[in-house]
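Below: the structure, in structure tokens.
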Amino acid sequence: MSDLNKLPELTSDYELTKEQIQEFQEKGHIKLNQVASSEEVGVYRSIIGEKVKELNDHNKPIEERDTYGKAFIQVSNIWEKSAEIQRFVFARRFAKIAAELLGVDGVRIYHDQALFKEPGGGITPWHQDQIYWPVDTDNFITMWMPLVPVSEEVGSMNFANGSHKFGYISKLAISDESQKTLSQYIEAKGLEVENYGALEAGDATWHYGWTLHSAPGNPTNTMREVMTVIYYADDAKVIEPDTNARKTDLQKWLPGLAPGDLAASKLNPILYKKSE
């Protein structure tokens with residue numbers, strides 16, 4: 001185990017402009033350069049990578065998996081497995097950005113996800129994250145940060161500009177069906193699709209929980225190593241789960257809570273509060 005005191009603190013402020021906040025709230029997504037420096041990311045990359053390797057539960061080659069399985073190696077709430085990774089995931093700098101982009105005083109963590117797209121990995125179909133989340137706020141945001149440089153070929157995610165304003169569009173989970181149906185929706189609505197192209201390690205994209213997004217496959221011979229953290233407004237409450245996916249999420253990420261409760265289980269500490 002590393003000496004925690006020697007790891008980058010990630011507590012300093014990242015200055016956002018009013019224009020950046022406005023852009024995020026209008027388009028539903030934004031790219032911010034060097035949210036963490038390459039040096040900071042480099043320290044955590046090896047720690048996260050080793051833990052992902054240890055916890056990866058794929059036991060079939062890519063070509064034998066379904067569309068979801070081909071999309072990435074996925075490890076959630078990796079912070080629970082490592083004090084070092086918790087330091088990264090709980091970073092005040094990241095949480096403050098999340099709160100400021102959302103325009104709220106404080107944010108809690110919903111959960112994290114390491115999303116490693118293997119060489120030859122498939123697309124991530126169009127979807128909305130928030131169809132999974134049984135919480136009563138539109139103020140959800142995901143930080144998507146590559147731990148390695150991502151080439152133009154792989155790129156960032158694709159975002160449908162302004163799609164968050166439509167709220168709950170479809171209950172379709174990530175699948176071939178969601179790719180087809182939501183592609184048709186985007187075309188019918190005339191929504192512009194944006195991709196930020198190549199990213200450096202420590203750059204980050206941010207998107208609302210309702211923002212339609214997808215990701216290209218990985219035609220390169222290097223792993224696309226990405227860490228994500230999902231945040232939400234700290235005063236949000238649990239709602240009655242109306243799908244099996246939301247029932248599962250309630251049990252997994254909001255354990256012990258019932259509809260009407262403050263969405264604040266032991267897994268959802270406040271990571272930033274404006275009064276700090």
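Values reported hereafter were calculated over all heavy atoms of this structure, with side chains retained and with hydrogens, waters and symmetry mates removed.
- Taking a cutoff of 4.0 Å between a charged side-chain nitrogen and a carboxylate oxygen, Lys273 and Asp234 qualify as a salt bridge.
- In this structure, a donor-acceptor pair under 3.5 Å is present between the side chains of Asp138 and Trp210.
- With Val75 as reference, Leu55 is the one residue of Leu55, Ile48, Leu115 to meet the side chain to side chain contact (heavy atoms under 4.5 Å, CB included) rule.
- With respect to the salt-bridge test (charged N to carboxylate O, under 4.0 angstrom), the residues Glu26 and Lys165 qualify.
- One side chain, Ser12 or Arg93, offers a donor N or O that lies under 3.5 Å from an acceptor on the other.
- Residues Ala160 and Leu191 approach most closely at CB-CD1, 4.2 Å, considering heavy atoms.
- The aromatic rings of Phe90 and Trp79 sit tilted, their planes meeting at an angle between 30° and 60°.
- For the side chain to side chain contact (heavy atoms under 4.5 Å, CB included) with Ile141, the lone residue among Leu102, Val229, Asp129 that qualifies is Leu102.
- Under the 30°/60° scheme for interplanar angles, the aromatic rings of Phe140 and Tyr110 are found to stand perpendicular.
- Between Asp13 and Lys96, at least one side-chain N (NZ, or NE/NH1/NH2) sits under 4.0 Å from a carboxylate O, which counts as a salt bridge.
- Contact of the Met143 side chain with the Tyr231 side chain is registered, since non-hydrogen atoms from C-beta on lie closer than 4.5 Å.
- Linking ILVMFWY residues whenever their side-chain heavy atoms come closer than 4.5 Å, directly or via other members, leaves Phe166 and Ile131 in distinct clusters.
- Taking the charged nitrogens against the carboxylate oxygens, Lys51 and Glu54 do have a contact shorter than 4.0 Å, which makes a salt bridge.
- Note on ring orientation: taking the six-membered ring where Trp is involved, the planes of Tyr196 and His29 are perpendicular (angle over 60°, cut-offs 30° and 60°).
- With salt bridges taken as basic N to acidic carboxylate O contacts below 4.0 Å, none links Lys180 and Asp176.
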